[in-house]
Amino acid sequence: GLELGRDEIDWISYLFARSMPEWLADYNIKSACFVKNCLRRCFTLAFDALLGLLYNASLVMKRFKSWLPILLILLLAFALRLYALPDIPPGLTHDEANHGREAIGILDGLVLFFFPLNYGSEPIFSYTVAASMWLFGESLLALRIVNLFFSVATIGLSYAWLHRRFDQTVALATAVLLAVSFWPLASAREALRAGMLPFFMGTAVWFFWQLLDTRDGQKSQNDHRRWRLAAAFGLGVAVTLHIYLAARVAWLVFPLFMLYLAWQRRQTFRRSWQPVLAGLLLAGVLVVPMFVYLAQNPYALTRLSMLDAPLQDFRSGNWGPIWQNASSALLAFFWPGYGDQFLAYNIPGRPVFDEVSAFFFVLGVGSGLWRWQRPSYVFVLLWFGIGILPSLITGPTANTTRNLAALVPIFVLPAIGFATAVHWLKGRFGRLPNWFSPAVAALWLLFAGWHSATDYFIVWANNPDVRTAYQVNLVEMLAYL
C-alpha cells in the first residue's frame with residue numbers, strides 16, 4: 001500500500017499537537033510516538049482502501065464494457081417495440097381480440113385447459129395475458145405487452161447462447177437483426193400466442209446444450225446437475241407444445257441432432273443421450289393431458305383439418321402442391337414477391353430479408369453446409385429446417401407465424417454469412433484494419449434497420465387496407481361507447 005514519508009508524518013503530528021489543549025500537550029515523548037504511529041496507520045489504511053476501491057471499480061467497468069453492446073441492443077429493441085404499441089398495429093385482428101376475450105374470461109373465473117376460439121388455441125398465452133391484465137388493467141397495451149417482454153428476452157437469450165457456441169461477431173449481429181428486422185418487430189407487437197414460441201424454444205435449446213456441455217466430474221454432484229438440466233430441458237419442450245401448433249414439429253430438432261452426434265461425436269453422444277432422452281420423455285408425459293383432452297374433444301382444435309390438404313395430396317401421389325409450397329416458402333426469405341401475402345402480418349410479398357441481408361443469409365446457409373462436421377453449424381441448420389417445415393407444407397402465406405419456432409436460427413444464418421465473408425477477406429487480402437469489420441457491420445445493420453423501420457412504421461402502418469384488416473372503425477366505436 002502507499003505510505004506517507006517520515007517528514008510528512010512529523011509535519012502532520014506537529015499540526016495535530018498545536019491544535020491540542022495545553023493539558024494534552026504535556027504528554028511525554030512516548031505518547032507522541034504513539035500518536036504518530038496511529039496517524040501513519042490510519043493514512044495507510046485510508047490510501048489502501050481508496051486504491052482497492054479504484055481497482056475494483058476498474059474491474060467492474062471492464063466487465064460492464066463487455067456487456068454494454070448487448071445492453072444497448074436490448075434497450076433499442078425495447079424502445080422499438082414499445083413505441084406507439086397500442087396504436088401500431090391499429091385496432092385489433094380477430095385473433096388478438098379472441099386472446100383478449102379468453103384472458104378476460106380467465107379473470108372472471110372461466111378456467112379452461114384448451115380454448116376453442118381461434119380454431120382452437122393452446123392455453124399458456126391466454127393465461128399470461130390474463131396475468132398482464134391483472135397487473136396493468138384490461139387494455140390493449142396489457143394485451144400486447146406480453147410478447148414485447150418475451151421478444152426482448154429472446155434477444156438476450158440468443159446472444160448468450162451464440163456467444164458460447166460461435167463468437168462475439170455472430171452473437172452481436174444476430175441480436176441486432178432480431179432487434180430491428182421487420183418480422184421480429186412485427187411479431188413482438190402483435191398479441192398472438194405464437195409470439196412466445198421463440199423464447200421458450202430458445203430456453204429448451206439452452207438447456208439442451210448445457211446437457212451436451214456437461215463433463216464427467218465428481219459422479220454424484222455431476223449426476224445431480226445433469227438430471228436437473230434434463231428436467232429443465234423437458235419442461236422447456238413441454239411449454240412450447242402448450243403455446244403453438246408448430247411446436248409439434250419443432251421438438252424433432254433434438255432427437256435428429258442426437259443422431260448426428262452418434263455419427264460424428266460419439267463421446268458426446270454417450271455422455272448425454274440418457275438425460276436428453278429423459279428430458280424428452282418428461283416433455284411427453286407433461287403434454288399427455290392436453291392430447292387426451294383433444295382426443296376427447298376434437299371440436300376444440302379444427303386448425304389441423306384446415307391445413308392438411310397438401311399432405312392429403314402428397315399421400316395420394318400428387319407431389320405438385322407440396323413442391324410448389326416448399327419452393328415458394330424458401331423464396332419468401334429473399335425473393336421479392338414471394339414473402340408472406342397476409343396483410344395483417346406483412347407487406348404482401350415482402351421477403352424476410354433486404355438485399356444485403358439476403359446475400360449474407362444465402363452465404364450463411366452455404367457456410368453451414370460446408371462446415372457439416374462442426375456441431376454448432378449443423379444444429380443451426382437443423383433448427384432452421386425443422387422450424388420452417390410447417391410453411392414448407394402449407395406455403396408462404398401466414399408463414400410469419402408458422403415459422404416462429406425457427407426465428408432465431410433464421411437470423412443467425414446471415415450473421416454466420418457475414419462472419420464467413422470477413423474471414424475470407426482476411427485470408428484473401430491479409431490483415432485488415434481493426435476498424436474494417438465493425439464499420440462494415442455497422443453499415444449493413446444500419447441499412448437493415450432503416451429498411452425495416454420505414455417499411456413497418458411508415459409504409460405498413462399507414463396502409464388503409466391494414467387499418468381495415470385490424471377493424472379500426474369497430475375498435476374505435478367500442479372504445480367510444
Side-chain angles (χ1 to χ4, degrees), residues 93-134 143 146-147 150 191-201 203-204 230-255 276-316 386-387 389-394 398 401-405:
T93 63
H94 68 278
D95 289 327
E96 291 181 307
N98 284 335
H99 285 308
R101 180 182 172 187
E102 292 164 353
I104 293 172
I106 292 168
L107 294 176
D108 291 338
L110 181 61
V111 178
L112 297 177
F113 189 73
F114 202 90
F115 293 93
L117 297 178
N118 291 329
Y119 310 104
S121 64
E122 292 79 2
I124 286 183
F125 180 72
S126 294
Y127 282 98
T128 309
V129 171
S132 175
M133 288 186 172
W134 181 75
L143 176 64
V146 170
N147 280 344
F150 279 105
L192 302 175
R193 67 188 188 277
M196 296 176 65
L197 189 55
F199 174 78
F200 286 101
M201 188 65 189
T203 300
F233 163 61
L235 181 61
V237 174
V239 170
T240 65
L241 291 164
H242 285 85
I243 291 176
Y244 189 59
L245 198 62
R248 299 187 185 185
V249 176
W251 70 274
L252 291 172
V253 65
F254 303 112
V276 169
L277 178 61
L280 292 175
L281 290 175
L282 174 62
V285 170
L286 292 175
V287 300
V288 163
M290 183 177 71
F291 286 108
V292 170
Y293 176 85
L294 292 176
Q296 296 175 348
N297 302 275
Y299 64 87
L301 182 62
T302 59
R303 177 71 70 179
L304 282 176
S305 61
M306 300 169 60
L307 301 174
D308 66 349
L311 291 177
Q312 293 180 5
D313 291 333
F314 180 79
R315 284 192 291 266
S316 64
I386 298 298
L389 193 58
S391 68
L392 295 180
I393 295 172
T394 62
T401 54
R402 295 170 192 159
N403 285 346
L404 277 171

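Numbers here are sequence positions counted from 1. What you see is a predicted model; the values in this text were computed from it and never measured.
Between T401 and A194, the shortest heavy-atom distance links the atoms O-CB, 4.0 Å. F291 and R248 make their closest contact through CE2-CZ, 3.6 Å (heavy atoms, listed as atom of the first residue, atom of the second, distance). Taking each heavy atom of L197 and A247 in turn, the nearest pair found is CD1-CB, 4.1 Å. When all heavy atoms are compared, the tightest approach of V285 to P289 is O-CD, 3.5 Å. Residue G387 comes nearest to P390 through the heavy atom pair O-CD, 3.5 Å, listed as atom of the first residue, atom of the second, then distance.
Going from atom OG1 of T203 over to atom CE of M201 covers 10.5 Å, rounded to the nearest 0.5 Å. To the nearest 0.5 Å, atoms CZ (F150) and CE (M196) are separated by 3.5 Å.
Annotation: side chain of F114 is not in contact with side chain of N297 (no heavy-atom distance under 4.5 Å). Put simply, the side chain of L192 does not reach to within 4.5 Å of the side chain of Y244, judged on heavy atoms. Residues E122 and L245 are in side-chain contact: their nearest non-hydrogen atoms beyond the backbone lie under 4.5 Å apart. Between L286 and L282 there is a side-chain heavy-atom pair separated by less than 4.5 Å.
Here the rule is side chain to side chain contact (heavy atoms under 4.5 Å, CB included) with V129, and of I124, V146, L107 only V146 fits it.
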Just list the side-chain donor-acceptor pairs under 3.5 Å for residues 96-106, sequence neighbours left out, or say none.
residue: E96; atom: OE1; partner: T93; partner atom: N; Å: 3.2
residue: E96; atom: OE1; partner: R144; partner atom: NH2; Å: 3.2
residue: E96; atom: OE2; partner: R144; partner atom: NE; Å: 3.2
residue: E96; atom: OE2; partner: A191; partner atom: N; Å: 2.9
residue: N98; atom: ND2; partner: H94; partner atom: O; Å: 3.2
residue: N98; atom: ND2; partner: N118; partner atom: OD1; Å: 2.8
residue: H99; atom: ND1; partner: E102; partner atom: OE1; Å: 3.3
residue: H99; atom: NE2; partner: N118; partner atom: ND2; Å: 3.4
residue: E102; atom: OE1; partner: S126; partner atom: OG; Å: 2.5
residue: E102; atom: OE2; partner: S121; partner atom: OG; Å: 3.4

Can I get a per-line list of side-chain donor-acceptor pairs under 3.5 Å for residues 231-243, giving both atom names and the distance, sequence neighbours left out?
residue: T240; atom: OG1; partner: V237; partner atom: O; Å: 2.5
residue: H242; atom: ND1; partner: A238; partner atom: O; Å: 2.8

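Remark: Y127 pairs with F115 by the ring-ring contact (aromatic ring centres under 6.0 Å, His included) rule, at least two apart or across chains.
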